[in-house]
Number of protein chains: 2
Amino acid sequence: MPDPLSQLPGYALRRAANAMMGELADRLAPLGLRVAEASVLMLAGARDNQTSSEIGRILDVQRANMVPLLNRLERAGLVERVPIDRKSSAIVLTLAGRQKLREVEAVTSAFEADLLARVPLDHRDHLVPALNALWR
Amino acid sequence: MPDPLSQLPGYALRRAANAMMGELADRLAPLGLRVAEASVLMLAGARDNQTSSEIGRILDVQRANMVPLLNRLERAGLVERVPIDRKSSAIVLTLAGRQKLREVEAVTSAFEADLLARVPLDHRDHLVPALNALWR
DNA sequence: TCTCAATTGCTATTGCTAATAGCATTTACA
DNA sequence: TGTAAATGCTATTAGCAATAGCAATTGAGA
(Lines give C-alpha, C1' and ligand atoms only; values in the text may rest on other atoms or scores of the structure.)
Protein backbone atom coordinates (compact mmCIF):
# COMPACT_ATOMS: atom_id res chain seq x y z
CA MET A 1 0.00 0.00 0.00
CA PRO A 2 1.98 2.98 -1.23
CA ASP A 3 -0.34 5.61 0.16
CA PRO A 4 -1.96 4.98 3.52
CA LEU A 5 -4.01 8.17 3.31
CA SER A 6 -5.90 7.39 0.14
CA GLN A 7 -8.87 5.93 1.93
CA LEU A 8 -9.61 9.28 3.53
CA PRO A 9 -12.33 11.08 1.56
CA GLY A 10 -10.78 14.47 2.14
CA TYR A 11 -7.39 13.34 0.98
CA ALA A 12 -8.75 11.59 -2.09
CA LEU A 13 -10.75 14.70 -2.89
CA ARG A 14 -7.72 16.92 -2.70
CA ARG A 15 -5.53 14.65 -4.78
CA ALA A 16 -8.19 14.17 -7.44
CA ALA A 17 -8.84 17.90 -7.63
CA ASN A 18 -5.15 18.73 -7.90
CA ALA A 19 -4.56 16.20 -10.64
CA MET A 20 -7.62 17.40 -12.47
CA MET A 21 -6.77 21.08 -12.22
CA GLY A 22 -3.26 20.45 -13.46
CA GLU A 23 -4.51 18.61 -16.48
CA LEU A 24 -7.17 21.18 -17.27
CA ALA A 25 -4.60 23.96 -16.98
CA ASP A 26 -2.41 22.12 -19.47
CA ARG A 27 -5.27 21.77 -21.90
CA LEU A 28 -6.26 25.43 -21.61
CA ALA A 29 -2.71 26.74 -21.90
CA PRO A 30 -2.65 26.48 -25.71
CA LEU A 31 -5.62 28.86 -25.73
CA GLY A 32 -3.67 31.33 -23.64
CA LEU A 33 -6.11 30.99 -20.75
CA ARG A 34 -5.93 29.98 -17.13
CA VAL A 35 -8.66 27.97 -15.50
CA ALA A 36 -10.13 30.93 -13.65
CA GLU A 37 -10.18 32.99 -16.83
CA ALA A 38 -11.92 30.24 -18.76
CA SER A 39 -14.59 29.99 -16.03
CA VAL A 40 -15.26 33.71 -16.24
CA LEU A 41 -15.53 33.46 -20.00
CA MET A 42 -18.03 30.62 -19.71
CA LEU A 43 -20.07 32.47 -17.14
CA ALA A 44 -20.06 35.74 -19.05
CA GLY A 45 -21.17 33.85 -22.13
CA ALA A 46 -23.96 32.06 -20.34
CA ARG A 47 -25.88 35.14 -19.28
CA ASP A 48 -25.81 38.75 -20.38
CA ASN A 49 -25.38 41.87 -18.34
CA GLN A 50 -23.62 40.35 -15.39
CA THR A 51 -21.38 42.58 -13.36
CA SER A 52 -17.94 41.69 -12.11
CA SER A 53 -19.37 41.38 -8.61
CA GLU A 54 -22.08 39.00 -9.71
CA ILE A 55 -19.66 36.73 -11.54
CA GLY A 56 -17.36 36.82 -8.56
CA ARG A 57 -20.16 35.82 -6.22
CA ILE A 58 -21.04 32.80 -8.34
CA LEU A 59 -17.45 31.64 -8.69
CA ASP A 60 -16.42 32.64 -5.15
CA VAL A 61 -13.83 35.03 -6.42
CA GLN A 62 -13.59 38.22 -4.43
CA ARG A 63 -14.13 41.57 -6.09
CA ALA A 64 -10.53 42.52 -5.50
CA ASN A 65 -9.31 39.43 -7.31
CA MET A 66 -11.72 39.85 -10.21
CA VAL A 67 -9.98 43.07 -11.22
CA PRO A 68 -6.65 41.74 -12.50
CA LEU A 69 -8.43 38.72 -13.95
CA LEU A 70 -10.80 40.90 -16.00
CA ASN A 71 -7.93 43.22 -16.89
CA ARG A 72 -6.14 40.31 -18.51
CA LEU A 73 -9.24 39.22 -20.39
CA GLU A 74 -9.85 42.77 -21.52
CA ARG A 75 -6.26 43.27 -22.62
CA ALA A 76 -6.56 40.05 -24.60
CA GLY A 77 -9.58 41.56 -26.34
CA LEU A 78 -11.95 38.88 -25.09
CA VAL A 79 -14.29 40.91 -22.88
CA GLU A 80 -15.41 44.50 -22.54
CA ARG A 81 -16.59 46.43 -19.53
CA VAL A 82 -19.83 48.06 -20.68
CA PRO A 83 -21.20 50.64 -18.24
CA ILE A 84 -24.63 49.83 -16.83
CA ASP A 85 -24.86 52.95 -14.70
CA ARG A 86 -22.23 55.20 -13.21
CA LYS A 87 -21.20 52.54 -10.71
CA SER A 88 -21.38 49.14 -12.39
CA SER A 89 -20.34 47.61 -15.67
CA ALA A 90 -21.55 44.55 -17.50
CA ILE A 91 -18.92 42.05 -18.56
CA VAL A 92 -19.61 41.45 -22.22
CA LEU A 93 -17.85 39.04 -24.56
CA THR A 94 -16.34 40.58 -27.67
CA LEU A 95 -16.50 38.81 -30.98
CA ALA A 96 -13.07 37.34 -30.28
CA GLY A 97 -14.33 36.40 -26.83
CA ARG A 98 -17.24 34.47 -28.25
CA GLN A 99 -14.90 32.67 -30.61
CA LYS A 100 -12.54 31.86 -27.75
CA LEU A 101 -15.46 30.65 -25.68
CA ARG A 102 -16.27 28.12 -28.37
CA GLU A 103 -12.72 26.80 -28.14
CA VAL A 104 -12.96 26.71 -24.36
CA GLU A 105 -16.15 24.73 -24.58
CA ALA A 106 -14.56 22.24 -26.94
CA VAL A 107 -11.63 21.78 -24.59
CA THR A 108 -13.71 21.48 -21.46
CA SER A 109 -16.29 19.09 -22.83
CA ALA A 110 -13.55 16.80 -24.10
CA PHE A 111 -11.88 17.13 -20.74
CA GLU A 112 -15.00 16.36 -18.73
CA ALA A 113 -15.69 13.35 -20.89
CA ASP A 114 -12.17 12.02 -20.38
CA LEU A 115 -12.51 12.64 -16.68
CA LEU A 116 -15.72 10.68 -16.37
CA ALA A 117 -14.35 7.91 -18.55
CA ARG A 118 -11.74 7.22 -15.89
CA VAL A 119 -14.41 6.54 -13.30
CA PRO A 120 -15.67 2.95 -13.25
CA LEU A 121 -19.16 2.76 -14.65
CA ASP A 122 -20.87 1.79 -11.42
CA HIS A 123 -19.54 4.88 -9.66
CA ARG A 124 -19.80 7.32 -12.51
CA ASP A 125 -23.30 8.70 -12.07
CA HIS A 126 -22.71 9.27 -8.37
CA LEU A 127 -19.72 11.53 -8.72
CA VAL A 128 -21.25 14.90 -9.54
CA PRO A 129 -24.18 14.63 -7.12
CA ALA A 130 -21.85 13.53 -4.33
CA LEU A 131 -19.44 16.37 -5.01
CA ASN A 132 -22.16 18.97 -5.21
CA ALA A 133 -23.54 17.80 -1.89
CA LEU A 134 -20.23 18.73 -0.33
CA TRP A 135 -20.37 22.42 -1.03
CA ARG A 136 -23.68 23.68 -2.43
CA MET B 1 -30.14 28.22 -11.63
CA PRO B 2 -27.51 30.15 -9.74
CA ASP B 3 -24.52 28.28 -11.11
CA PRO B 4 -24.59 27.00 -14.67
CA LEU B 5 -21.21 25.29 -14.28
CA SER B 6 -22.09 23.01 -11.39
CA GLN B 7 -23.00 20.09 -13.62
CA LEU B 8 -19.45 19.89 -14.89
CA PRO B 9 -17.52 17.20 -13.01
CA GLY B 10 -14.29 19.16 -13.04
CA TYR B 11 -15.95 22.26 -11.69
CA ALA B 12 -17.83 20.38 -8.99
CA LEU B 13 -14.60 18.66 -8.04
CA ARG B 14 -12.75 21.93 -7.68
CA ARG B 15 -15.46 23.60 -5.68
CA ALA B 16 -15.89 20.63 -3.35
CA ALA B 17 -12.15 20.35 -2.81
CA ASN B 18 -11.80 24.07 -2.09
CA ALA B 19 -14.63 24.06 0.40
CA MET B 20 -13.26 20.96 2.04
CA MET B 21 -9.70 22.22 2.27
CA GLY B 22 -10.85 25.47 3.78
CA GLU B 23 -12.82 23.70 6.44
CA LEU B 24 -10.04 21.27 7.24
CA ALA B 25 -7.58 24.13 7.51
CA ASP B 26 -9.90 25.82 10.00
CA ARG B 27 -10.12 22.67 12.07
CA LEU B 28 -6.37 22.12 12.09
CA ALA B 29 -5.52 25.74 12.87
CA PRO B 30 -6.16 25.34 16.63
CA LEU B 31 -3.44 22.65 16.60
CA GLY B 32 -1.06 25.11 14.98
CA LEU B 33 -0.82 22.99 11.85
CA ARG B 34 -1.52 23.44 8.19
CA VAL B 35 -3.02 20.70 6.07
CA ALA B 36 0.27 19.78 4.42
CA GLU B 37 2.00 19.63 7.79
CA ALA B 38 -0.68 17.39 9.22
CA SER B 39 -0.36 15.03 6.25
CA VAL B 40 3.38 14.75 6.77
CA LEU B 41 2.82 14.04 10.43
CA MET B 42 0.36 11.29 9.59
CA LEU B 43 2.67 9.76 7.05
CA ALA B 44 5.72 9.92 9.28
CA GLY B 45 3.70 8.29 12.02
CA ALA B 46 2.44 5.52 9.76
CA ARG B 47 5.82 4.10 8.85
CA ASP B 48 9.26 4.47 10.34
CA ASN B 49 12.49 5.46 8.70
CA GLN B 50 11.04 7.35 5.80
CA THR B 51 13.15 10.05 4.25
CA SER B 52 11.97 13.48 3.27
CA SER B 53 12.15 12.44 -0.37
CA GLU B 54 10.02 9.36 0.18
CA ILE B 55 7.35 11.30 2.01
CA GLY B 56 7.42 13.91 -0.70
CA ARG B 57 6.99 11.30 -3.41
CA ILE B 58 3.93 9.84 -1.72
CA LEU B 59 2.33 13.21 -1.12
CA ASP B 60 3.50 14.72 -4.42
CA VAL B 61 5.42 17.43 -2.65
CA GLN B 62 8.73 18.23 -4.26
CA ARG B 63 11.96 17.90 -2.34
CA ALA B 64 12.53 21.63 -2.44
CA ASN B 65 9.16 22.27 -0.87
CA MET B 66 9.57 19.64 1.81
CA VAL B 67 12.43 21.60 3.32
CA PRO B 68 10.59 24.60 4.80
CA LEU B 69 7.70 22.32 5.74
CA LEU B 70 9.96 20.00 7.75
CA ASN B 71 11.82 22.99 9.17
CA ARG B 72 8.58 24.23 10.64
CA LEU B 73 7.71 20.84 12.08
CA GLU B 74 11.20 20.52 13.50
CA ARG B 75 11.15 24.00 15.00
CA ALA B 76 7.82 23.12 16.58
CA GLY B 77 9.52 20.11 18.16
CA LEU B 78 7.27 17.62 16.41
CA VAL B 79 9.77 15.79 14.22
CA GLU B 80 13.48 15.14 14.15
CA ARG B 81 15.84 14.52 11.26
CA VAL B 82 17.71 11.39 12.23
CA PRO B 83 20.66 10.58 9.94
CA ILE B 84 20.40 7.26 8.11
CA ASP B 85 23.68 7.61 6.29
CA ARG B 86 25.74 10.61 5.33
CA LYS B 87 23.19 11.63 2.70
CA SER B 88 19.71 10.90 3.97
CA SER B 89 17.77 11.40 7.17
CA ALA B 90 14.75 9.64 8.54
CA ILE B 91 11.85 11.84 9.58
CA VAL B 92 11.00 10.68 13.07
CA LEU B 93 8.20 11.86 15.30
CA THR B 94 9.24 13.18 18.68
CA LEU B 95 7.20 12.48 21.76
CA ALA B 96 5.40 15.77 21.25
CA GLY B 97 4.95 14.80 17.61
CA ARG B 98 3.26 11.54 18.52
CA GLN B 99 1.00 13.39 20.90
CA LYS B 100 0.18 15.96 18.23
CA LEU B 101 -0.49 13.17 15.76
CA ARG B 102 -3.15 11.80 18.08
CA GLU B 103 -4.85 15.19 18.05
CA VAL B 104 -4.55 15.36 14.28
CA GLU B 105 -6.17 11.95 13.95
CA ALA B 106 -9.02 13.01 16.18
CA VAL B 107 -9.62 16.12 14.10
CA THR B 108 -9.39 14.37 10.77
CA SER B 109 -11.56 11.41 11.60
CA ALA B 110 -14.26 13.75 12.88
CA PHE B 111 -13.81 15.79 9.76
CA GLU B 112 -14.01 12.85 7.38
CA ALA B 113 -17.13 11.64 9.12
CA ASP B 114 -18.79 15.03 8.82
CA LEU B 115 -17.78 15.16 5.19
CA LEU B 116 -19.33 11.82 4.34
CA ALA B 117 -22.43 12.66 6.33
CA ARG B 118 -23.15 15.46 3.88
CA VAL B 119 -23.24 13.05 0.97
CA PRO B 120 -26.64 11.42 0.40
CA LEU B 121 -26.58 7.80 1.43
CA ASP B 122 -26.99 6.36 -2.03
CA HIS B 123 -23.94 8.20 -3.31
CA ARG B 124 -21.77 7.85 -0.22
CA ASP B 125 -19.95 4.61 -0.88
CA HIS B 126 -19.12 5.66 -4.41
CA LEU B 127 -17.26 8.82 -3.54
CA VAL B 128 -13.83 7.56 -2.50
CA PRO B 129 -13.52 4.92 -5.23
CA ALA B 130 -14.62 7.41 -7.86
CA LEU B 131 -12.15 10.02 -6.64
CA ASN B 132 -9.28 7.58 -6.43
CA ALA B 133 -9.98 6.46 -9.98
CA LEU B 134 -9.30 10.00 -11.09
CA TRP B 135 -5.69 10.17 -10.02
CA ARG B 136 -4.19 6.91 -8.83
C1' DT C 1 -37.05 63.86 -0.37
C1' DC C 2 -33.23 63.29 2.42
C1' DT C 3 -30.18 60.51 4.80
C1' DC C 4 -27.59 56.65 5.67
C1' DA C 5 -26.33 51.99 4.89
C1' DA C 6 -24.97 48.95 1.37
C1' DT C 7 -22.76 48.11 -2.97
C1' DT C 8 -19.41 48.58 -6.61
C1' DG C 9 -14.94 48.69 -8.57
C1' DC C 10 -10.65 49.44 -7.44
C1' DT C 11 -5.55 49.85 -5.13
C1' DA C 12 -2.17 47.87 -2.44
C1' DT C 13 -0.34 44.37 0.19
C1' DT C 14 0.26 39.85 2.14
C1' DG C 15 0.65 34.73 2.74
C1' DC C 16 0.43 30.12 1.07
C1' DT C 17 1.40 26.70 -2.31
C1' DA C 18 3.77 24.86 -5.83
C1' DA C 19 7.19 25.14 -9.59
C1' DT C 20 11.93 25.82 -11.52
C1' DA C 21 16.83 25.88 -11.66
C1' DG C 22 20.86 25.00 -9.65
C1' DC C 23 24.43 22.97 -6.38
C1' DA C 24 27.47 19.92 -3.44
C1' DT C 25 27.59 15.65 -1.61
C1' DT C 26 26.73 10.87 -1.33
C1' DT C 27 25.20 6.49 -2.91
C1' DA C 28 24.50 2.67 -6.04
C1' DC C 29 25.14 0.20 -10.02
C1' DA C 30 27.33 -1.62 -14.10
C1' DT D 1 36.11 1.88 -10.01
C1' DG D 2 33.85 5.27 -12.47
C1' DT D 3 29.70 7.30 -13.62
C1' DA D 4 24.80 8.08 -13.26
C1' DA D 5 21.31 8.82 -10.07
C1' DA D 6 19.57 10.40 -5.73
C1' DT D 7 19.42 13.42 -1.65
C1' DG D 8 18.90 17.60 0.79
C1' DC D 9 19.17 22.05 0.24
C1' DT D 10 19.17 27.40 -1.49
C1' DA D 11 17.04 30.81 -4.02
C1' DT D 12 13.64 32.54 -6.79
C1' DT D 13 9.27 32.81 -9.15
C1' DA D 14 4.27 32.62 -10.45
C1' DG D 15 -0.49 31.90 -9.38
C1' DC D 16 -4.16 32.29 -6.33
C1' DA D 17 -6.66 33.89 -2.59
C1' DA D 18 -7.27 36.96 1.53
C1' DT D 19 -7.34 41.50 3.91
C1' DA D 20 -7.82 46.32 4.55
C1' DG D 21 -9.05 50.37 2.84
C1' DC D 22 -11.17 54.04 -0.32
C1' DA D 23 -14.07 57.06 -3.30
C1' DA D 24 -18.11 57.06 -5.64
C1' DT D 25 -22.76 55.56 -6.52
C1' DT D 26 -27.04 53.47 -5.55
C1' DG D 27 -31.11 52.27 -3.04
C1' DA D 28 -34.30 51.93 0.70
C1' DG D 29 -36.52 53.70 4.75
C1' DA D 30 -38.02 57.54 7.58
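Throughout, protein chains are lettered first and strands after them, A, B, ... in sequence-line order, and every chain is numbered starting at 1. Quick caveat, the model's predicted, so the values are computed rather than measured.
Of the residues in residues 17-25 of chain A, not one places a heavy atom less than 4.0 Å from an atom of DNA chain D. The stretch residues 71-88 of chain B touches DNA chain C through Asp85(B), Arg86(B), Lys87(B), each having a heavy atom within less than 4.0 Å of the strand. Within residues 31-41 of chain B, the residues that have a heavy atom under 4.0 Å from DNA chain C are, in order of number, Arg34(B).
Taking every heavy atom of both residues into account, Leu93(B) and Arg98(B) meet most closely at O-NH1, 3.3 Å. Looking at every heavy atom in both residues, Ser88(B) comes nearest to Thr51(B) through CB-CG2, 4.0 Å. When all heavy atoms of Ala16(A) and Leu134(B) are compared, the pair lying nearest together is CB-CB, 4.1 Å.
One atom, CE of Met66(A), and another, C1' of dA18(D), lie 16 Å apart when rounded to the nearest Å. Atom CG in Asn65(A) sits roughly 10 Å away from atom P in dC16(D) (whole-Å rounding). Spacing between atom CG of Leu69(A) and atom P of dA14(D) amounts to 18 Å, rounded to whole angstrom units. In this structure, Leu70(B) places its CG atom 8 Å from P of dC9(D), rounding to the nearest Å.
A side-chain contact (heavy atoms from CB on, under 4.5 Å) with Lys100(A) is found for exactly one of Leu41(A), Val79(A), Thr94(A), namely Leu41(A).
Glu23(B) has a carboxylate O that lies under 4.0 Å from a charged side-chain N of Arg118(B), or vice versa, which qualifies the two as a salt bridge.
Looking at which nucleotide of DNA chain D each of Asp60(A) and Arg63(A) is closest to, the 5′-most match is held by Asp60(A). Ranked by how close their nearest DNA chain C nucleotide is to the 5' end, Ser89(A) and Arg14(A) are led by Ser89(A).
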Just list the side-chain donor-acceptor pairs under 3.5 Å for residues 57-66 of chain B, sequence neighbours left out, or say none.
{"residue": "Asp60(B)", "atom": "OD2", "partner": "Arg15(A)", "partner atom": "NH2", "Å": "2.5"}

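Taking 4.0 Å as the cutoff to heavy atoms of chain A, we find the contact window on DNA chain C bounded by dT7(C) to dA12(C).
Of the inter-residue distances, the one linking Leu8(A) atom CG with Arg14(A) atom CZ reads 11.0 Å to the nearest 0.5 angstrom.
Hydrophobic clustering (ILVMFWY, side-chain heavy atoms < 4.5 Å, transitive): Leu115(B) and Trp135(B) are in one cluster. Side-chain heavy atoms closer than 4.5 Å link hydrophobic residues (I, L, V, M, F, W, Y) into clusters, and following such links, even through other members, never connects Val128(B) to Leu5(A).
With Gln50(A) contributing its side chain and Arg47(A) its backbone, the two residues share a donor-acceptor pair below 3.5 Å.
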Does His123(A) form a side chain to side chain contact (heavy atoms under 4.5 Å, CB included) with Asp125(B)? I'd like the steps, not just the answer. CA-CA 9 Å; His123(A) 302 312; Asp125(B) 291 340; over 6 Å; no

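The other members of the hydrophobic cluster of Val92(B), by chain and number, are Val82(B) (side-chain heavy atoms under 4.5 Å, ILVMFWY only).
Relative ring orientation between His126(A) and His126(B) is described as parallel, the plane-to-plane angle staying below 30° on a 0-90° scale split at 30° and 60°.
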